[in-house]
**Q** 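Let me give you the structure first, and then I'll get to my questions.
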Amino acid sequence: MHHLPDLADHPARLHHGDLFSRSALPRLGHLEHRVGHDPAAIFGPPGLHRAHGRPRHHGRPLRQRRNVEREQRGGMGQGSAQRDEEKQRANFHDHAGTIAALRSGRKRCYTRGAMKPRLRFAPSPTGYLHIGGARTALWNWLFARRMGGTFVLRIEDTDQERSTPESLQAILDGLKWLGIDWDEGPGKDGPFPPYFQMKKLARYHQVADLLIAQGKAYRDYTTEEESTQMRRDFAAKQGLGEKDDLRKAGFKYSSPWRDKTEKLDKPHVVRFRMQPKGEKIGFEDLIHGRLEKPDDDLDDFVLLRTDRIPLYNFGCVIDDYDMQISHVGRGQEHINSTYSQIAVYQALGWTPPVFAHFPLIMGSNNEKLSKRKHPEADVMAHKRAGILPHALLNFVVRLGWSHGDDELFTLEKLIELFDLAHVGKTNGVWNPEKLLSVNQHWIKNGDPKELACRLLPYLQDAGVTNAADDDRLITAVKAFSTRAKTLVEMAQSIKPYYAHGVTLDAAAVAKHLDAAGKDMLKVTKAKLLALTEWQAAVIDPIVEVIATETGAKKGAIAQPLRVAVTGGTTSPGIGDTLALLGREETMHRIDAVLGS
RNA sequence: GGCCCUGUCGUCUAGUGGCCUAGGACGGAGCCCUCUCACGGCUUAAACCCGGGUUCGAAUCCCGGCAGGGUCACCA
């Protein structure tokens with residue numbers, strides 16, 4: 001069991017003692033006196049999502065659709081309960097209007113007035129920042145930035161077994177490295193704290209009690225032994241063995257406490273009391289359109305564990321509501337849990353946010369990219385491998401999203417161009433070669449000065465201690481910017497230029513430094529000695545001059561020199577190479593070969 | 001197995017009924033440039049899962065197969 005401490009800079013102005021204060025959670029003030037009453041009185045009229053403040057723009061097709069629904073249900077005006085439901089449905093369908101607007105490129109509904117979208121990234125601190133999580137964060141962040149909305153970081157630390165402070169730090173570090181910042185969250189006070197789920201347990205309990213009071217949830221006192229016994233009984237009846245998967249046989253848990261209301265002084269979980277009407281339950285997804293399934297397919301899932309800690313499907317709903325999240329963008333693996341969450345929203349009379357379920361990122365084996373099977377799933381592993389943060393962002397943003405034939409984007413361009421309408425539906429496979437080529441592009445086209453700064457730590461790691469963030473390094477970066485796919489590679493390439501002397505490659509020597517090669521080297525040396533300046537621009541012509549004077553091929557001149565000063569047959573242009581080395585070191589290496 | 005989602009070159013993708021003889025990018029092959037290695041430029045091979053419909057016309061709409069993925073916890 002771990003306990004997550006506050007971040008050093010997290011204001012943490014909320015303690016359990018003031019959890020119910022007005023300033024902290026406005027609605028909770030009334031809640032205390034009104035448990036058991038109509039939720040509308042506590043939470044405001046159903047169907048009015050506070051994030052938007054007022055009903056949305058009513059598009060004509062939608063109105064028509066609603067009218068059809070009304071007719072099907074036999075007209076309107078049958079009492080307030082039904083009107084509320086009507087209202088709620090109407091508002092619910094307004095999301096479809098938003099979606100239509102968004103998909104058709106009309107973003108006015110967000111840029112005009114107070115309707116700024118609020119998005120969030122809600123990782124659980126149970127490991128490093130995952131590449132899939134990073135893309136989810138990026139897309140949400142990009143959308144928020146583009147629309148002038150708010151990006152919230154919420155920590156879902158309710159898994160007490162696996163959550164660790166180290167993981168939290170790792171995730172924060174990963175986001176920081178990528179340059180994804182947040183407007184509200186750890187270390188950034190916002191209007192709807194706290195941003196750690198473990199700090200608002202009382203809120204979840206309160207909502208759970210409300211649901212129980214309304215018969216929409218129940219206390220389930222079934223012990224673990226009893227439930228395993230139920231499974232065993234089922235297996236026995238079906239003639240299944242211990243190892244058979246009960247799900248495949250259609251096992252469905254059914255609690256004996258489902259319809260009971262007594263409150264016992266015994267440990268229990270709180271379960272949602274699913275009340276299927278034999279209808280479809282579903283939602284409009286920004287990416288997939290209408291998504292639905294039969295409501296009797298859902299079971300009585302757990303809201304609160306025995307230790308009173310909420311489970312994902314519960315905490316998530318309450319937080320998204322409390323934080324007034326307007327759009328939930330998350331991975332496709334959450335589609336099936338969304339149906340359960342919709343049921344909670346409906347039970348509470350809350351309008352759900354707009355959902356967007358992103359395609360998954362798959363490993364080369366075409367399985368969901370996982371931390372265990374795919375080392376490349378770790379964002380920071382790419383930092384260690386010498387990938388530029390922006391290159392990783394550029395690569396990952398295109399995995400499932402497109403802007404015509406464009407592939408390379410600056411961050412500014414992404415903020416300008418990113419939209420959910422062009423997020424695709426199909427899972428994508430992680431392609432390391434492409435990442436490398438994107439990285440190379442930004443190494444090639446990045447600011448050499450910035451690159452030099454970034455390169456320094458990699459040089460340190462490579463054992464180069466005498467490099468500094470100066471003109472020489474910038475020259476080196478320029479010389480190798482078209483020759484390195486990663487910063488690690490670049491550091492390796494640059495390393496020999498910061499050493500004294502060089503190890504000669506035997507094959508290279510045999511090929512280029514035979515007697516003739518050495519003779520040519522002497523000629524070249526004499527020309528170099530005569531130089532008053534030491535720059536690529538004056539060194540390069542020497543090869544040309546010797547070639548015309550002696551009639552030798554340029555290769556016969558440059559290669560012996562190259563082998564002598566670099567030890568091998570490949571390097572940047574000979575002028576750049578010598579300039580980088582400096583006159584003194586160049587002469588030292590030539591003399592070492594000529595033996596004088 | 002139930003339910004849910006998805007099928008365009010090997011991979012990422014463009015494509016929203018005629019601009020498609022299906023475009024771009026990575027990777028592959030080849031050529032050019034060239035003092036080496038790169039960069040760059042050019043060329044090239046490579047895909048609409050299958051079968052039915054709707055339509056004058058389908059990669060695009062509908063249905064059925066098939067295939068892949070996801071999900072079925074007191075994880076998130």
**Q** If you look at every strand shown and take non-hydrogen atoms under 4.0 Å, does A/Thr569 touch a base, only sugar-phosphate, or nothing?
**A**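 Base, at least one base atom sits under 4.0 Å.
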**Q** Classify A/Leu436 by what it touches in the nucleic acid, base, sugar-phosphate, or nothing, heavy-atom distance under 4.0 Å.
**A**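 Here A/Leu436 touches no strand at all.
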**Q** Between B/C75, B/C3, B/U13, which nucleotide has the shortest distance from any of its atoms to the side chain of A/Pro294?
**A**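 Ranking B/C75, B/C3, B/U13 by closest atom to the A/Pro294 side chain puts B/C3 first.
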**Q** Determine whether any donor atom in the side chain of A/Thr306 lies under 3.5 Å from an acceptor atom in the base of B/C74, or the reverse, and answer yes or no.
**A**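 Indeed there is one.
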**Q** Give, ordered by number, those residues of residues 503-511 of chain A having at least one heavy-atom distance below 4.0 Å to an atom of RNA chain B; if nothing qualifies, reply none.
**A**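 By residue number: none to list.
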**Q** Base, sugar-phosphate, or nothing: which does A/His357 touch, judged by heavy atoms less than 4.0 Å apart?
**A**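 No contact.
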**Q** Closest nucleotide of RNA chain B for A/Glu544 versus for A/Tyr312: which of these residues is on the 5' side?
**A**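 Upstream on the strand: A/Glu544.
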**Q** For the side chain of A/Asp307 and the base of B/C74, is some donor closer than 3.5 Å to an acceptor across the two?
**A**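 By the distance-only test, no, there is no pair.
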**Q** Between B/G23 and A/Asp405, counting only base atoms on the nucleotide and side-chain atoms on the residue, is there a donor-acceptor pair under 3.5 Å?
**A**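 Between B/G23 and A/Asp405, which were checked side chain against base, a qualifying N/O pair under 3.5 Å is present.
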**Q** Indicate, with yes or no, if the rings of A/Tyr218 and A/Trp257 have centres closer together than 6.0 Å.
**A**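 Distance test on ring centres: not under 6.0 Å, no.
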**Q** Test of understanding: with ring pair (Phe, Tyr, Trp, His ring centres under 6.0 Å), list the residues that count as partners of A/His403, not counting sequence neighbours.
**A**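 Residues passing ring pair (Phe, Tyr, Trp, His ring centres under 6.0 Å) with A/His403: none at all.
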**Q** Looking across every strand, which nucleic acid part, if any, lies under 4.0 Å from A/Thr158 by heavy atom: base, sugar-phosphate, or nothing?
**A**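 Sugar-phosphate: the residue A/Thr158, judged by heavy atoms under 4.0 Å, touches backbone atoms but no base.
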**Q** Establish, yes or no, whether a centroid distance under 6.0 Å links the rings of A/His288 and A/Phe283.
**A**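 Ring-ring flag for A/His288/A/Phe283: false, centres at least 6.0 Å apart.
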**Q** The criterion is side-chain hydrogen bond (donor to acceptor under 3.5 Å, both in side chains); which residues satisfy it with A/Asn439, sequence neighbours excluded?
**A**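 Partners of A/Asn439 by the side-chain hydrogen bond (donor to acceptor under 3.5 Å, both in side chains) criterion come out as none, since no residue qualifies.
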**Q** On RNA chain B, check which nucleotide each of A/Thr223 and A/Lys293 is closest to and give me the residue with the more 5' one.
**A**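 The residue whose closest nucleotide sits nearer the 5' end is A/Lys293.
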